[in-house]
A.B. asks: 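Questions regarding the structure given below will be posed in turn.
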Amino acid sequence: MTAKLELLTPQNSQLIFIDHQPQMAFGVQSIDRQALKNNAVALAKSAKVFAIPTTITTVETESFSGHTYPELLAVFPEAPLLERTSMNSWDDKKVRDALAANGRKKVVVSGLWTEVCNNSFALCAMLEGGYEIYMVADASGGTSKEAHDYAMQRMIQAGVIPVTWQQVLLEWQRDWARRETYDAVMSIVKEHSGAYGMGVDYAYTMVHKAPERVSHGPTLAPVPAV
């Protein structure tokens, strides 16, 4: 049985964020940039809930790319930032050592740009490191839709597994009976999952009569204007 048939679990996977920096995001045209940030931060929060070993790598921070999204850093305030000059994270020894130290062959990847940094890392990590790569398509972005899509196709042809951030979250959770992570997962869903999150809020408050998530001022009854 191929290892790629195994589901992602909190015990068999690790995560790497590649170059989620403003200047890199400015060049993204394949996805709305606010949606991209939302998805990357949601993926980070998901990893935190399940204690997934996470690597954050950056490129040319001071000279070109700027600092990593503060919303992402806030999830991992103690994590070191592995600075590089190479477009390919695999070319930096610190990155290789971090991945090896985590001891897990399934690597979930979120990065910018899909056609450059993600593509080169994925192919080299597979070829030279023997890693399985799970590319989070909606938490990555390219300089055009074509650039992103064709890079994804190239990687898929080489054996990379395409996923989305919410797919990864729910694969890590797997069973709603796992109550130790249930509430945290629902919190991420409500904040980051759009219509799904709105549906959860609706079900909690209108069906199950749970209190609203936030406090607010009084609701004033209708007063007809006559």
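What you see is a predicted model, and the numbers here were worked out from it, not measured in a lab.
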A.B. asks: Between the side chains of Glu83 and Lys94, is the shortest nitrogen-to-carboxylate-oxygen separation below 4.0 Å, so that they form an ion pair?
C.D. replies: no

A.B. asks: If two hydrophobic side chains count as joined below 4.5 Å and joins carry through other members, does Trp113 share a cluster with Leu72?
C.D. replies: yes

A.B. asks: Can you tell me if Arg104 uses its side chain to pair, donor with acceptor, with the backbone of Pro10 under 3.5 Å?
C.D. replies: yes

A.B. asks: Would the distance check show the side chain of Lys106 and the main-chain N or O of Ala3 forming a donor-acceptor pair, the cut-off being under 3.5 Å?
C.D. replies: yes

A.B. asks: Is there a side-chain contact between Val49 and Tyr182 (heavy atoms, below 4.5 Å)?
C.D. replies: no

A.B. asks: Hydrophobic clusters join Ile, Leu, Val, Met, Phe, Trp and Tyr when side-chain heavy atoms are under 4.5 Å apart, directly or via other members; which others share one with Leu127?
C.D. replies: none

A.B. asks: Do Leu123 and Met152 land in one hydrophobic cluster if side-chain heavy atoms of ILVMFWY residues count as linked below 4.5 Å?
C.D. replies: no

A.B. asks: Determine whether the side chains of Gln166 and Ser193 contain a donor N or O and an acceptor N or O closer than 3.5 Å.
C.D. replies: yes

A.B. asks: Before accepting this row, confirm whether a basic side-chain N of the pair Glu71/Lys37 lies closer than 4.0 Å to the acidic partner's carboxylate O.
C.D. replies: yes

A.B. asks: What I'd like to find out is whether the side chain of Thr205 reaches to under 4.5 Å of the side chain of Pro211, using heavy atoms alone.
C.D. replies: no

A.B. asks: Any heavy-atom pair between the side chains of Lys45 and Glu191 that's under 4.5 Å?
C.D. replies: yes

A.B. asks: Find out if a path of hydrophobic residues (ILVMFWY) with successive side-chain heavy-atom gaps under 4.5 Å connects Val136 to Phe121.
C.D. replies: no

A.B. asks: Do you see a donor-acceptor pair shorter than 3.5 Å between the side chains of Glu132 and Tyr134?
C.D. replies: yes

A.B. asks: Side chains of Ile161 and Met135: does their closest heavy-atom pair fall under 4.5 Å?
C.D. replies: no

A.B. asks: Of Thr58, Thr57, Asp91, Thr61, which meets side-chain hydrogen bond (donor to acceptor under 3.5 Å, both in side chains) against Arg84?
C.D. replies: Thr57

A.B. asks: Locate the shortest heavy-atom distance separating Ile18 from Cys117; write the atom from each residue and the value.
C.D. replies: CG2-CB, 3.9 Å

A.B. asks: Within a strict 4.5 Å, meaning less than it, do heavy atoms of the Leu43 and Leu15 side chains meet?
C.D. replies: yes

A.B. asks: Under 6.0 Å from the CE atom of Met87, do we count more than 12 heavy atoms belonging to anything else shown?
C.D. replies: no

A.B. asks: Closer than 3.5 angstrom, by distance alone: can the side chain of Asn12 be matched with the main-chain N or O of Leu7 as a donor-acceptor pair?
C.D. replies: yes

A.B. asks: Under a 4.5 Å cut-off applied to non-hydrogen side-chain atoms, are Tyr204 and Lys209 in contact?
C.D. replies: no

A.B. asks: Is it the case that His20 and Ser110 place a side-chain donor and acceptor less than 3.5 Å from each other?
C.D. replies: yes

A.B. asks: Less than 4.5 Å apart, side chain to side chain, heavy atoms only: is that true for Gln153 and Ile156?
C.D. replies: no

A.B. asks: Under the 3.5 angstrom rule, does the side chain of Asn39 hit a backbone N or O of Asp138 as a donor-acceptor pair?
C.D. replies: yes

A.B. asks: Donor-acceptor check, side chain of Gln21 to backbone of Gly66, threshold 3.5 angstrom: yes or no?
C.D. replies: yes

A.B. asks: What is the distance from atom CE of Met155 to atom OG1 of Thr114, rounded to the nearest 0.5 Å?
C.D. replies: 6.0 Å

A.B. asks: For the side chain of Gln14 and the backbone of Leu99, is there at least one donor-acceptor N/O pair under 3.5 Å apart?
C.D. replies: yes

A.B. asks: Over 60° means perpendicular and under 30° means parallel, so tell me whether Tyr131 and Trp90 are parallel, tilted or perpendicular.
C.D. replies: perpendicular

A.B. asks: Where does the angle between the aromatic ring planes of Trp172 and Phe50 fall among parallel (under 30°), tilted (30 to 60°) and perpendicular (over 60°)?
C.D. replies: tilted

A.B. asks: If only atom types and distance count, is the side chain of Ser13 paired as donor or acceptor with the main-chain N or O of Thr9 below 3.5 Å?
C.D. replies: yes

A.B. asks: Please report the interatomic distance CD1(Ile56) to CD1(Ile16), rounded to the nearest 0.5 Å.
C.D. replies: 10.0 Å

A.B. asks: Nearest heavy-atom pair of Leu112 and Gly141: which atoms, and what distance?
C.D. replies: CD2-N, 3.4 Å

A.B. asks: For residues 149-169, which residue pairs pass the salt bridge (charged side-chain N to carboxylate O under 4.0 Å, His left out) check, not counting sequence neighbours?
C.D. replies: Lys145-Asp149

A.B. asks: Quick one: are Leu73 and Tyr69 in side-chain contact, heavy atoms under 4.5 Å?
C.D. replies: no

A.B. asks: Do the side chain of Ser140 and the main chain of Gly111 share a donor and acceptor less than 3.5 angstrom apart?
C.D. replies: yes

A.B. asks: Determine whether a donor-acceptor pair (N or O, by modelled atom type, separation under 3.5 Å) exists between the side chain of Asn102 and the backbone of Ala98.
C.D. replies: yes

A.B. asks: Just by modelled atom types, is the Gln173 backbone N or O under 3.5 Å from a matching donor or acceptor in the Arg178 side chain?
C.D. replies: yes

A.B. asks: Side chains of Gln29 and Thr143: any donor to acceptor distance under 3.5 Å?
C.D. replies: no

A.B. asks: Does a sphere of radius 6.0 Å around CZ in Arg174 hold more than 12 heavy atoms from other residues, nucleotides or ligands, not counting ones at 6.0 Å or beyond?
C.D. replies: no

A.B. asks: In terms of hydrophobic clustering (I, L, V, M, F, W, Y; side-chain heavy atoms under 4.5 Å; direct or indirect links), are Val200 and Val185 co-clustered?
C.D. replies: yes

A.B. asks: Can you name the nearest heavy-atom pair linking Thr85 to Val59, along with the distance?
C.D. replies: O-CG2, 3.9 Å

